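Here is the structure we will look at, set down as C-alpha coordinates.
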Amino acid sequence: MTNQTKSQFIAVASITSELSAVMVVAKEISLAAANAKAIAFRAGDKAKGFQPITDFINELAKETIELVTNINIYALVLYRLTVDEFQKTTAYNKFELAAKMAGDAVYAKSMQGPVDHARLSMQDCQRQFKRDVSQLLGQLEAVMHHARAARVIAANSRIEASQAGEYLQSLQAVAESVDKAAHTIHDNVQRCRIALSIYRNS
Amino acid sequence: MKTTKIYEGSHQWIMFGRDEGKPSNIVDTNQYVVRTANRCLLLDPGGAELFAPMMAAVLHHAPVDQITDLFASHQDPDVISSLGLWDQALTNAKLHAPAVWEGFLRHYSCESIEYVPIPDNGGTIKLESVELQIIPAHYLHSSGNFHVYDPQAKILMSGDVGAAIEAPDTPVFVDNFAAHVEKMRYWHQRWMPSNQAKRVWIERVRNLDIDILAPQHGRMFKGDDVKRFLDWFDALQVGIAV
(Lines give C-alpha, C1' and ligand atoms only; values in the text may rest on other atoms or scores of the structure.)
Protein backbone atom coordinates (compact mmCIF):
# COMPACT_ATOMS: atom_id res chain seq x y z
CA MET A 1 0.00 0.00 0.00
CA THR A 2 1.48 3.38 -0.98
CA ASN A 3 1.74 6.30 1.45
CA GLN A 4 -0.79 8.19 -0.68
CA THR A 5 -3.33 5.33 -0.30
CA LYS A 6 -2.66 5.05 3.43
CA SER A 7 -3.25 8.82 3.86
CA GLN A 8 -6.46 8.54 1.85
CA PHE A 9 -7.75 5.72 4.07
CA ILE A 10 -6.81 7.71 7.19
CA ALA A 11 -8.43 10.91 5.88
CA VAL A 12 -11.71 9.13 5.13
CA ALA A 13 -11.70 7.23 8.44
CA SER A 14 -10.97 10.44 10.36
CA ILE A 15 -14.12 12.10 8.97
CA THR A 16 -16.33 9.48 10.60
CA SER A 17 -14.46 9.87 13.86
CA GLU A 18 -14.60 13.70 13.87
CA LEU A 19 -18.25 13.71 12.86
CA SER A 20 -19.31 11.32 15.58
CA ALA A 21 -17.91 13.89 18.05
CA VAL A 22 -19.86 16.64 16.22
CA MET A 23 -23.01 14.56 16.57
CA VAL A 24 -22.53 14.27 20.34
CA VAL A 25 -22.04 18.04 20.62
CA ALA A 26 -25.07 18.79 18.41
CA LYS A 27 -27.17 16.62 20.72
CA GLU A 28 -25.80 18.57 23.67
CA ILE A 29 -26.92 21.82 22.02
CA SER A 30 -30.36 20.35 21.57
CA LEU A 31 -30.42 19.49 25.27
CA ALA A 32 -29.20 23.00 26.16
CA ALA A 33 -32.04 24.42 24.06
CA ALA A 34 -34.62 22.36 25.96
CA ASN A 35 -33.07 23.44 29.25
CA ALA A 36 -33.06 27.10 28.16
CA LYS A 37 -36.67 26.88 27.13
CA ALA A 38 -37.66 25.59 30.58
CA ILE A 39 -35.69 28.37 32.32
CA ALA A 40 -37.09 31.03 29.99
CA PHE A 41 -40.61 29.77 30.69
CA ARG A 42 -40.04 30.01 34.45
CA ALA A 43 -38.46 33.45 34.06
CA GLY A 44 -41.56 34.72 32.24
CA ASP A 45 -41.33 38.37 31.19
CA LYS A 46 -37.79 38.68 32.51
CA ALA A 47 -36.57 36.36 29.76
CA LYS A 48 -39.02 37.38 27.04
CA GLY A 49 -36.21 38.06 24.57
CA PHE A 50 -34.67 34.70 25.33
CA GLN A 51 -37.69 32.58 24.39
CA PRO A 52 -37.48 32.84 20.57
CA ILE A 53 -33.73 32.20 20.83
CA THR A 54 -34.30 28.80 22.44
CA ASP A 55 -36.42 27.70 19.45
CA PHE A 56 -33.71 28.93 17.16
CA ILE A 57 -31.02 26.98 19.05
CA ASN A 58 -33.12 23.84 18.92
CA GLU A 59 -33.74 24.22 15.20
CA LEU A 60 -30.05 24.73 14.56
CA ALA A 61 -29.14 21.61 16.55
CA LYS A 62 -31.69 19.53 14.66
CA GLU A 63 -30.41 20.73 11.31
CA THR A 64 -26.82 20.03 12.32
CA ILE A 65 -27.72 16.48 13.39
CA GLU A 66 -29.50 15.93 10.08
CA LEU A 67 -26.57 17.28 8.09
CA VAL A 68 -24.04 15.18 9.97
CA THR A 69 -26.19 12.07 9.50
CA ASN A 70 -26.16 12.65 5.74
CA ILE A 71 -22.44 13.38 5.72
CA ASN A 72 -21.78 10.12 7.58
CA ILE A 73 -23.63 8.20 4.86
CA TYR A 74 -21.57 10.05 2.30
CA ALA A 75 -18.36 9.30 4.19
CA LEU A 76 -19.22 5.59 4.05
CA VAL A 77 -19.62 5.84 0.27
CA LEU A 78 -16.27 7.59 0.13
CA TYR A 79 -14.70 4.81 2.21
CA ARG A 80 -16.04 2.15 -0.17
CA LEU A 81 -14.70 4.15 -3.08
CA THR A 82 -11.29 4.28 -1.41
CA VAL A 83 -11.32 0.48 -1.03
CA ASP A 84 -12.39 0.14 -4.65
CA GLU A 85 -9.67 2.48 -5.84
CA PHE A 86 -7.08 0.57 -3.79
CA GLN A 87 -8.18 -2.73 -5.38
CA LYS A 88 -8.17 -1.24 -8.89
CA THR A 89 -4.75 0.33 -8.39
CA THR A 90 -3.35 -2.94 -7.03
CA ALA A 91 -4.77 -4.82 -10.02
CA TYR A 92 -3.34 -2.31 -12.48
CA ASN A 93 0.13 -2.54 -10.91
CA LYS A 94 0.03 -6.34 -10.84
CA PHE A 95 -1.21 -6.54 -14.43
CA GLU A 96 1.58 -4.25 -15.60
CA LEU A 97 4.08 -6.39 -13.72
CA ALA A 98 2.64 -9.58 -15.25
CA ALA A 99 2.88 -8.06 -18.76
CA LYS A 100 6.48 -7.07 -18.09
CA MET A 101 7.37 -10.48 -16.66
CA ALA A 102 5.73 -12.25 -19.60
CA GLY A 103 8.39 -10.65 -21.83
CA ASP A 104 8.44 -12.54 -25.11
CA ALA A 105 5.81 -15.13 -24.13
CA VAL A 106 3.70 -16.31 -27.07
CA TYR A 107 0.56 -14.75 -25.63
CA ALA A 108 2.12 -11.78 -23.82
CA LYS A 109 0.19 -9.28 -25.94
CA SER A 110 -3.14 -10.67 -24.72
CA MET A 111 -2.38 -9.00 -21.37
CA GLN A 112 -2.67 -5.54 -22.93
CA GLY A 113 -6.51 -5.60 -22.77
CA PRO A 114 -6.65 -6.25 -19.00
CA VAL A 115 -3.87 -3.68 -18.41
CA ASP A 116 -5.76 -0.98 -20.35
CA HIS A 117 -9.05 -1.85 -18.71
CA ALA A 118 -7.51 -1.80 -15.22
CA ARG A 119 -5.88 1.57 -15.89
CA LEU A 120 -9.21 3.09 -17.04
CA SER A 121 -11.07 1.64 -14.03
CA MET A 122 -8.43 3.01 -11.68
CA GLN A 123 -8.59 6.47 -13.28
CA ASP A 124 -12.42 6.41 -13.11
CA CYS A 125 -12.21 5.66 -9.40
CA GLN A 126 -9.71 8.47 -8.83
CA ARG A 127 -11.94 10.97 -10.66
CA GLN A 128 -15.04 9.79 -8.80
CA PHE A 129 -13.21 10.11 -5.47
CA LYS A 130 -12.20 13.70 -6.23
CA ARG A 131 -15.76 14.56 -7.28
CA ASP A 132 -17.22 13.04 -4.12
CA VAL A 133 -14.64 14.79 -1.93
CA SER A 134 -15.63 18.15 -3.47
CA GLN A 135 -19.29 17.46 -2.68
CA LEU A 136 -18.48 16.35 0.84
CA LEU A 137 -16.46 19.51 1.42
CA GLY A 138 -19.55 21.47 0.35
CA GLN A 139 -21.64 19.65 2.95
CA LEU A 140 -19.00 20.23 5.61
CA GLU A 141 -19.11 23.93 4.75
CA ALA A 142 -22.84 23.87 5.54
CA VAL A 143 -22.07 22.46 9.01
CA MET A 144 -19.47 25.20 9.50
CA HIS A 145 -22.13 27.73 8.59
CA HIS A 146 -24.38 26.29 11.29
CA ALA A 147 -21.54 26.47 13.80
CA ARG A 148 -20.97 30.14 12.97
CA ALA A 149 -24.71 30.82 13.33
CA ALA A 150 -24.68 29.09 16.72
CA ARG A 151 -21.90 31.40 17.90
CA VAL A 152 -23.93 34.47 16.89
CA ILE A 153 -26.91 33.03 18.76
CA ALA A 154 -24.72 32.43 21.80
CA ALA A 155 -23.64 36.10 21.72
CA ASN A 156 -27.29 37.24 21.50
CA SER A 157 -28.21 34.85 24.28
CA ARG A 158 -25.64 36.47 26.56
CA ILE A 159 -27.18 39.90 25.93
CA GLU A 160 -30.69 38.60 26.56
CA ALA A 161 -29.51 36.72 29.66
CA SER A 162 -28.21 39.95 31.19
CA GLN A 163 -31.83 41.23 31.32
CA ALA A 164 -33.12 38.13 33.11
CA GLY A 165 -32.52 39.15 36.74
CA GLU A 166 -32.15 36.13 39.01
CA TYR A 167 -32.15 33.86 35.96
CA LEU A 168 -29.05 35.56 34.59
CA GLN A 169 -26.63 32.85 35.69
CA SER A 170 -28.72 29.95 34.39
CA LEU A 171 -29.27 31.58 31.02
CA GLN A 172 -25.65 32.63 30.76
CA ALA A 173 -24.66 29.03 31.37
CA VAL A 174 -26.90 28.05 28.43
CA ALA A 175 -25.24 30.68 26.25
CA GLU A 176 -21.80 29.42 27.29
CA SER A 177 -22.64 25.83 26.51
CA VAL A 178 -23.96 26.77 23.05
CA ASP A 179 -20.84 28.81 22.37
CA LYS A 180 -18.56 26.00 23.51
CA ALA A 181 -20.44 23.46 21.43
CA ALA A 182 -20.25 25.73 18.37
CA HIS A 183 -16.49 25.99 18.87
CA THR A 184 -16.09 22.23 19.06
CA ILE A 185 -18.18 21.68 15.95
CA HIS A 186 -16.21 24.33 14.09
CA ASP A 187 -12.85 22.82 15.07
CA ASN A 188 -13.81 19.22 14.30
CA VAL A 189 -15.33 20.06 10.94
CA GLN A 190 -12.34 22.22 10.10
CA ARG A 191 -10.06 19.23 10.73
CA CYS A 192 -12.21 17.14 8.35
CA ARG A 193 -11.93 19.82 5.71
CA ILE A 194 -8.15 20.05 6.06
CA ALA A 195 -7.80 16.25 5.87
CA LEU A 196 -9.88 16.11 2.70
CA SER A 197 -8.89 19.30 0.93
CA ILE A 198 -5.78 17.79 -0.70
CA TYR A 199 -8.00 15.31 -2.55
CA ARG A 200 -10.55 17.78 -3.89
CA ASN A 201 -11.09 18.35 -7.60
CA SER A 202 -8.76 21.08 -8.73
CA MET B 1 8.50 -19.52 -11.97
CA LYS B 2 9.52 -23.04 -12.93
CA THR B 3 7.28 -24.70 -15.51
CA THR B 4 7.06 -28.48 -15.98
CA LYS B 5 4.82 -30.21 -18.49
CA ILE B 6 3.59 -33.35 -16.73
CA TYR B 7 1.18 -34.68 -19.36
CA GLU B 8 0.87 -34.21 -23.08
CA GLY B 9 -1.89 -35.95 -24.98
CA SER B 10 -5.12 -34.59 -26.41
CA HIS B 11 -4.63 -31.93 -23.76
CA GLN B 12 -1.81 -30.85 -21.46
CA TRP B 13 -1.09 -30.66 -17.76
CA ILE B 14 1.50 -28.09 -16.72
CA MET B 15 2.90 -27.60 -13.24
CA PHE B 16 4.10 -24.17 -12.08
CA GLY B 17 6.10 -23.63 -8.94
CA ARG B 18 9.46 -22.95 -7.28
CA ASP B 19 9.06 -19.23 -7.92
CA GLU B 20 12.45 -17.58 -7.34
CA GLY B 21 10.85 -14.15 -6.82
CA LYS B 22 8.53 -15.34 -4.05
CA PRO B 23 8.92 -13.53 -0.70
CA SER B 24 10.80 -15.91 1.61
CA ASN B 25 8.22 -15.68 4.39
CA ILE B 26 5.34 -17.16 2.40
CA VAL B 27 4.86 -20.84 1.71
CA ASP B 28 5.90 -22.23 -1.69
CA THR B 29 3.01 -23.58 -3.76
CA ASN B 30 2.44 -25.65 -6.87
CA GLN B 31 -0.09 -24.42 -9.38
CA TYR B 32 -1.44 -26.67 -12.12
CA VAL B 33 -2.92 -25.81 -15.48
CA VAL B 34 -5.00 -28.06 -17.70
CA ARG B 35 -4.81 -26.77 -21.26
CA THR B 36 -7.16 -27.88 -24.04
CA ALA B 37 -7.26 -26.44 -27.57
CA ASN B 38 -9.21 -23.31 -26.65
CA ARG B 39 -9.57 -23.35 -22.90
CA CYS B 40 -7.46 -23.31 -19.83
CA LEU B 41 -8.17 -24.39 -16.24
CA LEU B 42 -6.04 -23.12 -13.35
CA LEU B 43 -6.00 -25.47 -10.35
CA ASP B 44 -5.31 -23.73 -7.02
CA PRO B 45 -4.02 -20.58 -8.78
CA GLY B 46 -2.21 -19.34 -5.67
CA GLY B 47 -1.90 -16.34 -3.41
CA ALA B 48 -2.15 -12.66 -4.37
CA GLU B 49 1.65 -12.29 -4.16
CA LEU B 50 2.00 -14.93 -6.83
CA PHE B 51 -0.48 -13.47 -9.30
CA ALA B 52 1.96 -11.60 -11.59
CA PRO B 53 4.53 -14.41 -12.00
CA MET B 54 1.75 -16.96 -12.38
CA MET B 55 -0.08 -14.93 -15.02
CA ALA B 56 3.22 -14.28 -16.83
CA ALA B 57 3.99 -18.02 -16.80
CA VAL B 58 0.53 -18.95 -18.09
CA LEU B 59 0.92 -16.49 -20.99
CA HIS B 60 3.53 -18.85 -22.43
CA HIS B 61 0.73 -21.40 -22.86
CA ALA B 62 -2.56 -19.55 -23.30
CA PRO B 63 -3.91 -16.06 -24.01
CA VAL B 64 -5.83 -14.33 -21.22
CA ASP B 65 -9.22 -14.77 -22.89
CA GLN B 66 -8.75 -18.55 -22.97
CA ILE B 67 -8.31 -18.78 -19.20
CA THR B 68 -11.89 -19.84 -18.71
CA ASP B 69 -11.88 -21.83 -15.48
CA LEU B 70 -10.37 -21.69 -12.02
CA PHE B 71 -10.57 -24.38 -9.37
CA ALA B 72 -9.99 -23.85 -5.66
CA SER B 73 -9.57 -27.06 -3.66
CA HIS B 74 -10.43 -25.14 -0.49
CA GLN B 75 -10.43 -21.64 1.00
CA ASP B 76 -6.86 -21.08 2.11
CA PRO B 77 -5.05 -17.86 1.06
CA ASP B 78 -2.13 -19.73 -0.52
CA VAL B 79 -4.71 -21.50 -2.70
CA ILE B 80 -6.88 -18.64 -3.90
CA SER B 81 -6.21 -15.21 -2.38
CA SER B 82 -5.34 -14.10 -5.93
CA LEU B 83 -9.05 -14.45 -6.80
CA GLY B 84 -9.73 -10.69 -6.71
CA LEU B 85 -6.99 -10.13 -9.30
CA TRP B 86 -8.11 -12.94 -11.61
CA ASP B 87 -11.61 -11.51 -11.20
CA GLN B 88 -10.48 -8.22 -12.71
CA ALA B 89 -8.29 -9.80 -15.41
CA LEU B 90 -10.71 -12.41 -16.76
CA THR B 91 -13.89 -11.38 -18.49
CA ASN B 92 -15.44 -14.79 -19.04
CA ALA B 93 -14.41 -17.25 -16.37
CA LYS B 94 -15.86 -19.62 -13.79
CA LEU B 95 -14.57 -20.51 -10.36
CA HIS B 96 -15.25 -24.11 -9.34
CA ALA B 97 -14.96 -24.21 -5.57
CA PRO B 98 -16.61 -25.89 -2.56
CA ALA B 99 -20.20 -24.75 -2.06
CA VAL B 100 -19.61 -24.46 1.67
CA TRP B 101 -16.91 -21.85 1.11
CA GLU B 102 -18.81 -19.58 -1.28
CA GLY B 103 -19.67 -16.81 1.18
CA PHE B 104 -16.11 -16.89 2.51
CA LEU B 105 -14.27 -16.96 -0.81
CA ARG B 106 -16.27 -13.99 -2.01
CA HIS B 107 -14.34 -11.92 0.56
CA TYR B 108 -11.47 -12.07 -1.93
CA SER B 109 -13.82 -10.37 -4.44
CA CYS B 110 -15.60 -12.41 -7.09
CA GLU B 111 -17.79 -10.12 -9.16
CA SER B 112 -17.18 -10.89 -12.81
CA ILE B 113 -16.14 -14.51 -12.33
CA GLU B 114 -19.07 -16.91 -12.00
CA TYR B 115 -18.89 -18.95 -8.78
CA VAL B 116 -19.80 -22.57 -9.54
CA PRO B 117 -20.43 -24.17 -6.15
CA ILE B 118 -19.28 -27.79 -5.88
CA PRO B 119 -21.70 -29.87 -3.79
CA ASP B 120 -20.32 -32.09 -1.03
CA ASN B 121 -20.41 -35.21 -3.21
CA GLY B 122 -18.22 -33.64 -5.91
CA GLY B 123 -18.96 -33.41 -9.64
CA THR B 124 -17.17 -32.80 -12.91
CA ILE B 125 -15.48 -30.00 -14.82
CA LYS B 126 -15.91 -30.21 -18.57
CA LEU B 127 -13.17 -28.58 -20.57
CA GLU B 128 -14.04 -29.06 -24.24
CA SER B 129 -13.68 -32.86 -24.74
CA VAL B 130 -11.90 -33.38 -21.43
CA GLU B 131 -13.97 -34.36 -18.41
CA LEU B 132 -12.29 -33.96 -15.05
CA GLN B 133 -13.69 -35.57 -11.92
CA ILE B 134 -13.99 -33.58 -8.71
CA ILE B 135 -13.16 -35.94 -5.85
CA PRO B 136 -14.37 -35.14 -2.31
CA ALA B 137 -11.52 -34.80 0.18
CA HIS B 138 -13.36 -33.18 3.08
CA TYR B 139 -11.37 -32.57 6.27
CA LEU B 140 -8.12 -33.11 4.36
CA HIS B 141 -7.47 -30.60 5.70
CA SER B 142 -10.35 -28.20 5.13
CA SER B 143 -13.96 -28.96 6.05
CA GLY B 144 -14.94 -28.35 2.42
CA ASN B 145 -12.15 -29.80 0.28
CA PHE B 146 -11.90 -31.34 -3.20
CA HIS B 147 -9.25 -32.87 -5.44
CA VAL B 148 -9.31 -33.15 -9.24
CA TYR B 149 -8.80 -36.42 -11.13
CA ASP B 150 -8.15 -36.67 -14.83
CA PRO B 151 -8.89 -40.27 -15.95
CA GLN B 152 -7.26 -39.69 -19.32
CA ALA B 153 -3.99 -38.25 -18.02
CA LYS B 154 -4.23 -40.40 -14.85
CA ILE B 155 -3.31 -37.43 -12.70
CA LEU B 156 -4.81 -36.69 -9.28
CA MET B 157 -4.32 -33.12 -8.13
CA SER B 158 -4.39 -33.80 -4.40
CA GLY B 159 -4.32 -30.37 -2.76
CA ASP B 160 -2.62 -30.54 0.63
CA VAL B 161 -2.51 -34.34 0.67
CA GLY B 162 1.02 -35.45 -0.18
CA ALA B 163 2.37 -31.98 0.52
CA ALA B 164 5.77 -31.20 1.98
CA ILE B 165 7.45 -27.89 2.72
CA GLU B 166 10.86 -27.90 1.13
CA ALA B 167 13.64 -25.63 -0.14
CA PRO B 168 12.75 -23.42 -3.13
CA ASP B 169 14.94 -25.29 -5.62
CA THR B 170 13.65 -28.77 -4.75
CA PRO B 171 13.08 -31.18 -7.70
CA VAL B 172 9.46 -31.48 -8.81
CA PHE B 173 9.21 -35.28 -8.42
CA VAL B 174 9.96 -37.49 -5.42
CA ASP B 175 13.12 -39.46 -6.26
CA ASN B 176 13.67 -41.27 -2.97
CA PHE B 177 10.41 -42.07 -1.21
CA ALA B 178 12.02 -43.33 2.00
CA ALA B 179 13.95 -40.08 2.37
CA HIS B 180 10.90 -38.00 1.48
CA VAL B 181 8.70 -39.47 4.22
CA GLU B 182 10.22 -37.37 7.00
CA LYS B 183 9.51 -34.20 5.02
CA MET B 184 5.81 -35.07 4.96
CA ARG B 185 5.22 -36.61 8.37
CA TYR B 186 4.65 -33.56 10.57
CA TRP B 187 2.69 -31.78 7.86
CA HIS B 188 0.18 -34.60 7.58
CA GLN B 189 -0.01 -35.33 11.29
CA ARG B 190 -0.55 -31.68 12.21
CA TRP B 191 -2.66 -30.36 9.34
CA MET B 192 -4.91 -33.34 8.69
CA PRO B 193 -7.50 -33.48 11.47
CA SER B 194 -9.33 -36.76 10.97
CA ASN B 195 -8.23 -40.40 10.69
CA GLN B 196 -11.73 -41.30 9.56
CA ALA B 197 -11.68 -38.72 6.75
CA LYS B 198 -8.24 -39.97 5.74
CA ARG B 199 -9.43 -43.61 5.54
CA VAL B 200 -12.50 -42.68 3.46
CA TRP B 201 -10.33 -40.68 1.05
CA ILE B 202 -7.73 -43.45 0.69
CA GLU B 203 -10.48 -45.99 -0.03
CA ARG B 204 -11.90 -43.70 -2.69
CA VAL B 205 -8.57 -42.87 -4.27
CA ARG B 206 -7.33 -46.49 -4.36
CA ASN B 207 -10.06 -47.14 -6.92
CA LEU B 208 -8.55 -44.57 -9.29
CA ASP B 209 -5.85 -45.37 -11.82
CA ILE B 210 -3.19 -42.80 -10.92
CA ASP B 211 0.15 -42.21 -12.63
CA ILE B 212 0.88 -38.89 -10.94
CA LEU B 213 -0.25 -37.62 -7.55
CA ALA B 214 0.19 -33.86 -7.66
CA PRO B 215 0.04 -31.99 -4.33
CA GLN B 216 -0.13 -28.23 -3.84
CA HIS B 217 3.21 -28.07 -2.00
CA GLY B 218 6.47 -29.92 -2.50
CA ARG B 219 7.11 -32.77 -4.89
CA MET B 220 4.79 -34.85 -7.06
CA PHE B 221 4.65 -38.65 -6.82
CA LYS B 222 4.71 -40.85 -9.89
CA GLY B 223 4.49 -44.54 -10.67
CA ASP B 224 4.97 -46.85 -7.68
CA ASP B 225 5.51 -43.89 -5.34
CA VAL B 226 1.78 -43.15 -5.59
CA LYS B 227 0.92 -46.50 -3.97
CA ARG B 228 3.79 -46.07 -1.49
CA PHE B 229 2.36 -42.75 -0.47
CA LEU B 230 -1.17 -44.15 -0.02
CA ASP B 231 0.15 -47.03 2.12
CA TRP B 232 2.25 -44.67 4.23
CA PHE B 233 -0.63 -42.21 4.69
CA ASP B 234 -2.98 -45.08 5.56
CA ALA B 235 -0.76 -46.11 8.46
CA LEU B 236 -0.20 -42.58 9.75
CA GLN B 237 -2.05 -41.24 12.81
CA VAL B 238 -3.21 -37.71 12.10
CA GLY B 239 -4.77 -34.93 14.17
CA ILE B 240 -1.97 -34.94 16.74
CA ALA B 241 -2.49 -31.44 18.15
CA VAL B 242 -5.27 -32.52 20.53
Side-chain angles (χ1 to χ4, degrees), chain A residues 1-9 12-13 16 75-132, chain B residues 1-3 5 12 14 16 18-23 31 33 35-40 42 45-68 70 77 80-93 106-113:
Chain A
M1 194 183 277
T2 63
N3 284 341
Q4 152 93 16
T5 315
K6 279 182 196 163
S7 312
Q8 196 168 312
F9 270 111
V12 173
T16 317
L76 191 64
V77 171
L78 210 59
Y79 179 75
R80 286 189 186 133
L81 201 59
T82 305
V83 173
D84 206 23
E85 188 191 323
F86 169 65
Q87 287 173 338
K88 297 252 163 35
T89 305
T90 305
Y92 171 65
N93 292 335
K94 298 258 184 193
F95 291 3
E96 270 218 320
L97 180 62
K100 195 175 154 194
M101 289 175 91
D104 58 354
V106 188
Y107 301 106
K109 282 190 179 148
S110 70
M111 198 58 207
Q112 199 53 50
V115 169
D116 291 343
H117 185 259
R119 184 178 48 244
L120 289 175
S121 298
M122 177 185 74
Q123 289 167 346
D124 270 355
C125 267
Q126 287 165 345
R127 272 193 292 273
Q128 179 71 42
F129 184 81
K130 283 184 176 179
R131 264 198 304 271
D132 284 3
Chain B
M1 180 82 75
K2 190 170 180 174
T3 302
K5 203 170 277 182
Q12 300 173 339
I14 306 146
F16 301 88
R18 316 293 189 265
D19 181 33
E20 313 84 23
K22 173 188 82 60
Q31 291 69 236
V33 162
R35 174 76 169 125
T36 59
N38 302 299
R39 287 175 64 180
C40 195
L42 271 52
E49 298 82 0
L50 212 72
F51 172 83
M54 182 59 192
M55 174 63 105
V58 172
L59 291 175
H60 286 271
H61 302 274
V64 175
D65 63 350
Q66 288 188 11
I67 305 172
T68 55
L70 306 178
I80 190 68
S81 67
S82 56
L83 178 60
L85 294 163
W86 293 107
D87 190 53
Q88 291 185 66
L90 310 179
T91 50
N92 179 33
R106 285 187 182 278
H107 277 279
Y108 291 132
S109 183
C110 182
E111 285 163 23
S112 67
I113 289 179

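Proteins come first, then strands; the chains are lettered A, B, ... in the order of their sequence lines, and each starts at number 1. Computed from a predicted structure; not experimentally measured.
Both the backbone and the side chain of A/A91 come within less than 4.5 Å of a heavy atom of chain B. For B/A48, the part lying near chain A is the backbone, with the side chain staying farther off; criterion is any non-hydrogen pair under 4.5 Å.
The choice from B/V58, B/L90, B/V64 that makes the most heavy-atom pairs within less than 4.5 Å of chain A is B/V64. Comparing B/G21, B/A52, B/P63 by heavy-atom pairs within less than 4.5 Å of chain A, the highest count is held by B/P63.
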To see if you've got the definition right, give the donor-acceptor pairs under 3.5 angstrom between chain B and chain A.
from, atom 1, to, atom 2, distance (Å)
B/A48, O, A/K94, NZ, 3.4
B/L59, O, A/Y107, N, 3.0
B/V64, N, A/S110, OG, 3.0

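When all heavy atoms of B/A56 and A/A98 are compared, the closest pair comes out as CB-O, 3.6 Å.
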